[in-house]
Amino acid sequence: MSIGSPSNVTQAATREIAGPLLELTDVKTHFRTPRGLVRAVDGVSFTLERGKALGIVGESGSGKTILSRSIMGLLPTKGTERHGSIKFAGAEIGNKTRKQMRGIWGKEMAMIFQDPMTSLNPLMKIGDQIAEPLKIHLGMSKDDAMATARRLLQDVRIPEPDRRLQQYPHEMSGGMRQRVMIAIAMACGPTALFADEPTTALDVTVQAQILDVIAEQRRDRNMSLVLVTHDLGVVAGHTDEIAVMYGGKLVEKAPTRRLFAAMKMPYTEGLLASIPKLEEASHTRLNVIPGRPPDLVNPPKGCRFAPRCPYVSHKCLEEEPPLTVTPDDPAHSYACWYPVGSPEYHEAKARIASSVEAN
């Protein structure tokens with residue numbers, strides 16, 4: 001029996017859901033600090049359909065991890081301000097307390113955290129950690145929970161599952177520990193999975209294996225996925241849509257193929273240009289986006305990317321661009337006064353090229 005079989009999936013995960021599985025409307029998460037109010041997430045809206053995969057991309061400090069934790073309800077209780085609406089399967093969850101969310105965690109929504117070594121209990125055997133949510137949420141006996149834990153390890157491609165069940169986290173490699181985190185997240189048959197930088201600190205080969213395991217489980221279970229990463233290359237082959245965040249705001253969102261084919265936001269262009277290319281010679285200088293992300297206590301007046309944008313104009317510095325739908329593609333939205341491909345963009349690019357030649 002696989003973890004995707006009906007006997008191991010909750011009623012919440014198998015029921016038909018009318019409308020979007022996840023619907024965010026003007027979500028804001030602010031933190032009160034001695035320096036002032038940190039606008040970590042500042043008015044984000046989007047929907048995610050059942051069974052679809054969404055990649056949330058941005059640099060460190062863009063707000064992507066705080067956004068996923070806001071949806072899950074995994075935020076500090078003190079000094080946190082939450083606004084807006086978060087609906088899951090049609091029900092409002094944005095105003096629920098941690099105690100109320102415990103009935104949703106594991107059974108309907110689960111998260112794979114960035115660092116499995118700090119997420120797993122170093123004093124518990126792997127088998128006990130996987131079996132625990134099965135006993136708590138599904139009421140399984142100890143024997144049934146351990147049998148299911150063994151199958152879970154098989155499903156995430158961990159060899160010798162019987163031996164691994166008796167090991168502690170420190171006895172496993174980083175890639176194996178991340179697979180264990182996936183097994184724990186999958187245990188109760190959630191409807192939505194949040195993966196927060198699940199391949200950080202893993203070598204390229206192991207990264208590909210982990211992403212393949214997540215994609216396989218999503219397809220088998222018709223599960224929605226929110227994949228949080230700083231790397232556009234990671235989401236390219238594993239998502240249906242991509243949402244780009246910068247300075248706590250959503251700056252571009254489109255189906256994955258369309259985004260790569262016709263991106264509109266200069267920030268997205270910069271992220272793509274920053275990916276190392278295999279065809280480049282060894283020791284080739286990497287492309288970077290100059291400058292630093294904005295101070296979210298005192299963000300810039302206009303477009304938050306303007307101080308770092310090579311195509312910036314006076315209007316960018318004075319007025320914040322709204323999230324605009326592309327005229328010929330309603331699924332593609334962006335926040336830029338002079339998007340990639342516009343006449344103003346080409347003028348600015350020509351001006352930059354002339355300046356480089358002159359120097």
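Only this structure's heavy atoms are used, side chains among them; waters, hydrogens and symmetry mates stay out.
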Nearest 0.5 Å, please: how far is [atom2] in [Y] from [atom1] in [X]?
| X | Y | atom1 | atom2 | value |
| --- | --- | --- | --- | --- |
| Y334 | T268 | OH | OG1 | 12.0 Å |
| S62 | Y267 | OG | OH | 5.5 Å |
| I86 | T29 | CD1 | OG1 | 6.5 Å |

What I'd like to find out is whether the side chain of [X] reaches to under 4.5 Å of the side chain of [Y], using heavy atoms alone.
| X | Y | answer |
| --- | --- | --- |
| L22 | L24 | yes |
| M223 | T191 | no |
| L272 | M263 | yes |
| K249 | V41 | no |

Non-neighbouring partners of E347 that pass side-chain contact (heavy atoms from CB on, under 4.5 Å), sequence neighbours left out
none
Residue list, side-chain contact (heavy atoms from CB on, under 4.5 Å) with K99, at least two apart or on another chain:
T97, R102
Would you call [X] and [Y] a salt bridge, taking side-chain N to carboxylate O under 4.0 Å as the test?
| X | Y | answer |
| --- | --- | --- |
| D295 | R39 | no |
| K264 | E252 | no |
| K28 | E81 | no |
| E216 | R221 | no |

Determine whether the side chains of Q154 and R151 contain a donor N or O and an acceptor N or O closer than 3.5 Å.
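R151 and Q154 do not have a side-chain donor-acceptor pair below 3.5 Å.
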Side chains of Q129 and Y168: is there a donor and an acceptor less than 3.5 Å apart?
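Side-chain D/A pair, Q129 to Y168: absent.
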Heavy-atom neighbours of R98 CZ exceed 12 at 6.0 Å:
yes
With a 6.0 Å cut-off (strictly less than), is the heavy-atom count around NZ of K87, excluding the residue itself, greater than 12?
no
Could you go through S85 and E92, starting from their C-alpha distance and side-chain angles, then the distance that decides it, and tell me whether this counts as side chain to side chain donor-acceptor pair (under 3.5 Å)?
CA-CA 7 Å; S85 170; E92 179 64 47; 2.6 Å; yes
